[in-house]
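To find a chain, count down the sequence lines: A is the first, B the second, and so on, and within it residues start at 1.
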Amino acid sequence: MPDGAKRPIKPGTSGADVAKAISPSLLKRTVAMVLNGTLSDLAEPINADATIKFVTRTDPEALELIRHDTAHVLAEAVQDLWPGTQVTIGPVIENGFFYDFAKAEPFTPEDLPRIEKRMSEIIAKNAPFTRQVWSRDKAKAYFKEKGELFKVELVDAIPPGEDVKIYNQGAWLDLCRGPHMASTGAIGKAFKLTRHSGSYWRGDAQGKPLQRIYGTAFADEKDLAAYLKQIEEAEKRDHRKIGREMDLFHFQEEGPGVVFWHAKGWATFQQLIAYMRRRLAEDYQEVQGPQLLDKSLWETSGHWGWYSDNMFAVKSATAFMNPNDDTAEQRVFALKPMNCPGHVQIFKHGLKSYRDLPLRLAEFGCVHRYEPSGALHGLMRVRGFTQDDAHIFCTEEQLEAECLKINDLMMSVYKDFGFKEVVVKLATRPAKRVGTDAMWDHAEGILRKVLGKMAAEDSRIKTGINEGEGTFYGPKFEYTLRDAIGREWQCGTTQVDFNLPERFGAFYIAADGEKKQPVMVHRAICGSLERFLGILLEDCAGHLPLWIAPVQAVVTTIVSDADAYAKQVHAKLKKLGLRTEIDLRNEKINYKVREHSLAKVPVMLVVGKREAEEGKVSVRRLGSQEQTVMTLEEALTMLKSEAMPPDLARE
RNA sequence: GCCGCAAUAGCUCAGUCGGUAGAGCACGUCAUUCGUAAUGACGGGGUCACAGGUUCGAAUCCUGUUUGCGGCACCA
């Protein structure tokens, strides 16, 4: 027992029996147990010495069970309402659960309340969850008979030696690994179906289409309400909404997935580039490759073969309109989807010596990818974007140090932007790949070692492995950040490449005078600058740090008598290099304060008659109603130092 | 690309049973000179995403297309 007490029991006694023996009221409020550290049903027999902790429905451990049980009840409700619907899987996910159904007619938005109602009825019946272990044959025969063909497949997929477990809730049953709570009544009332969508059997777009329902559940209704409120608040931080409010960028129908950057958004974009450029100055050489290159080059690089579905091809407009006209130049170019082939050409131009390595070529490269229409998402997923890309040509021996160096830069940059948590995942060899197993073993080995070091050295880094998710040309690290509602987006990346140097015949002259193929590392810190800014906007809810804010300060007057003074203030701010605006409109100060607050200008310098006479300014910060009156000189000194980008401030 | 939903003024949205378009904010003009989140009056602004169809008549019903939103799949 958690309190250290020991109880002798007979082998085979269930958790429920143990609880009951302690006290019937304990049994009544217990929904599951942690047996030897593993969350289990109360029905689980205990066959040897064990540690037991009983779990009530309000314990943190129970949340997963509540959600999983709710998913089962959802499945029962759907089969009640639409007989003939097949059930597939219904796992617990972050913040809730989903269940996938095979149903000819898709769900409609009106179906969700109907299903919820039926679920409430099922929960009210409070049928116990009971577990049975069936033979494989029995389970297959049963599900086949019922027409549950997906369940038959799932039974087949259970590893030999593992029990085929069936959970009943009243008359309804499901194949399930468990565990579950004692009865459906333990679910309570704090559940909600949140949305529905299409999905695919086994996540395969070639597989059978399924209908998914998402929901969430909590131990009590207050928690559910708080969660829904939190989501609602987070949605207000959507970068697409903030972008409009701050007049940063827009999209329009003629340009799906390409950004119109407005003056303000572009000011911030340029600050981001300027910052990154300073961070690279010491170690990298900045280059710029061409936007269009002949299709043949992309065939050589392999991109045409692997990704032509996602590339833009370009011809002259004449050739495009007259495909059979021999006199028109029919040559096909591709809009670059990556900068690497360009960088390899630059590396190859002129003989390189081992003394030149590591050679780090950086580019703020604008790339275009023909992303599937359904993937487009504001600034986060676009068809034309700018990468803070770089390629490092180095020797085998230099690889590990280079990866660590990249990670240091990555984390330092993320810190400057205030990101508290970064998830780094190592993506290993995919099924379709180039290179020998020995090469993969070697490169993955180095990256694993580097991943371990990262986790040990920086508490902000959470690490993991994405098995089989590497690129076709090598393993990679994915650095992911989250948006306002918790969706993960890959930003930074470090990728080892077995493919390109060989395909393009890149080499350097080694110390022994022999030609040697360099190791190539792709890396991006922000990844897509568009995406990075989208994440940043959501992370700070549009309240950008002063140094990167599009408009850093607005000088605004209370009366027109202060206009001349306001202009002086504005001119001095400009001279300091601050991005400022002046608002001399004949409007009430309340109106102006409101407007600039909504536009999320970090600093307002308000001047009236008093300030003009005394050579002062009244400083008001975004998000605060406080006003601080200070001399103009004090304000200038303060703002100049505050507007210093973090890297320059460190110096 | 797949499933569902949506598209009306610059923005947020209303528009009932199919009868010919409306509000607030924004914008313009005028008045107002005001001390920290909306001053008032007046005015301009619409191919109701686009293309077909049904109908005497379509923002409204049907079909297709485009774009967006939520997932799925994809993400070099």
Base, sugar-phosphate, or nothing: which does A:S199 touch, judged by heavy atoms less than 4.0 Å apart? sugar-phosphate

Ring geometry between A:W489 and A:H377 (parallel below 30°, tilted from 30 to 60°, perpendicular above 60°): tilted

Identify whether NZ of Lys or CZ of Arg in A:R212 sits under 6.0 Å from the centre of the six-membered ring of A:F98 and within 45° of that ring's axis. yes

Are any side-chain N or O atoms of A:K192 and backbone N or O atoms of A:L224, one a donor and one an acceptor, separated by less than 3.5 Å? no

Check every atom of B:rC72, B:rU36, B:rA76 against the side chain of A:Q627 and return the nucleotide holding the closest atom. B:rU36

Under the ring-ring contact (aromatic ring centres under 6.0 Å, His included) rule, collect the residues that match up with A:W306, sequence neighbours excluded. A:F472

At their closest point, which heavy atom of A:F364 faces which heavy atom of A:T386, and how far apart are they? C-CG2, 4.0 Å

OP1 or OP2 of B:rA76 less than 4.0 angstrom from a side-chain nitrogen or oxygen of A:K476, does that happen here? yes

Look at A:N590 and B:rA37 and indicate whether a side-chain polar atom (N or O) is within less than 4.0 Å of OP1 or OP2. yes

Tell whether A:R212 reaches the base of B:rC72 with its side chain through a donor-acceptor pair below 3.5 angstrom. no

Pull up the glycosidic torsion of B:rC72 and say syn or anti, syn being anything within 90° of 0. anti

Polar pair under 3.5 Å, donor/acceptor by atom type, side chain A:R620, base B:rA37: yes

Are there runs of at least three consecutive Watson-Crick or G-U pairs touching RNA chain B, with each pair's two distances under 3.5 angstrom? Give them by first number. B:1-7 with B:66-72, B:10-13 with B:22-25, B:27-31 with B:39-43, B:49-53 with B:61-65

NA contact type, A:Y473, heavy-atom cut-off 4.0 Å: base, sugar-phosphate, or nothing? sugar-phosphate

Would a distance-only check, ignoring hydrogens and angles, find a side-chain to backbone donor-acceptor pair under 3.5 Å from A:W304 to A:S296? no

Contact class for A:S618 vs. all strands (heavy atom < 4.0 Å): base, sugar-phosphate, or nothing? base

Which is it for A:Y473 and A:Q495 under the side chain to side chain donor-acceptor pair (under 3.5 Å) test, yes or no, and what are the steps along the way? CA-CA 9 Å; A:Y473 53 70; A:Q495 310 176 348; 2.4 Å; yes

Base, sugar-phosphate, or nothing for A:D204, non-hydrogen atoms under 4.0 angstrom? nothing

Side chain of A:P337, heavy atoms from C-beta onward: which of B:rA76, B:rC72, B:rU36 has the nearest atom to it? B:rA76

Measure distances between side-chain N and O atoms of A:Y200 and base N and O atoms of B:rG1, and say whether any donor-acceptor pair falls under 3.5 Å. yes

Mind checking A:P106 for me? I need base, sugar-phosphate or nothing, with any heavy atom below 4.0 Å counting as a touch. sugar-phosphate

Does a side-chain N or O from A:Y214 land closer than 4.0 Å to OP1 or OP2 of B:rC3, or not? no

At under 4.0 Å between heavy atoms, what does A:S560 touch on the DNA or RNA strands: base, sugar-phosphate, or nothing? base

Within the 4.0 Å heavy-atom criterion, would you say A:Q211 contacts the bases, only the backbone, or no part of the nucleic acid? sugar-phosphate

Does OP1 or OP2 of B:rU12 have a side-chain N or O of A:R244 closer than 4.0 Å? yes

Would you call the rings of A:F218 and A:Y227 parallel, tilted or perpendicular, where under 30° means parallel and over 60° means perpendicular? tilted

Close N or O pairs between protein and nucleotides 66-69 of chain B (under 3.5 Å):
from   : atom 1 : to     : atom 2 : distance (Å)
B:rU66 : O2'    : A:E253 : OE2    : 3.2
B:rU66 : O2     : A:E253 : OE2    : 3.2
B:rC69 : OP1    : A:R240 : NH1    : 2.7

What nucleotide among B:rC34, B:rA37, B:rA76 has an atom nearest to a side-chain atom of A:K588? B:rC34

Which nucleotide in the set B:rA76, B:rC5, B:rG70 lies at the smallest distance from any side-chain heavy atom of A:R195? B:rG70

Does a sphere of radius 6.0 Å around CZ in A:F504 hold more than 12 heavy atoms from other residues, nucleotides or ligands, not counting ones at 6.0 Å or beyond? yes

Classify the nucleic acid contact of A:K592 as base, sugar-phosphate or nothing, counting any heavy atom under 4.0 Å across all strands shown. nothing

Under the criterion salt bridge (Lys or Arg N to Asp or Glu O under 4.0 Å), which of A:K476, A:R429, A:R433 is the partner of A:E444? A:R429

Centroid distance below 5.5 Å plus an interplanar angle below 30 degrees: do A:Y307 and B:rA76 meet both conditions? yes

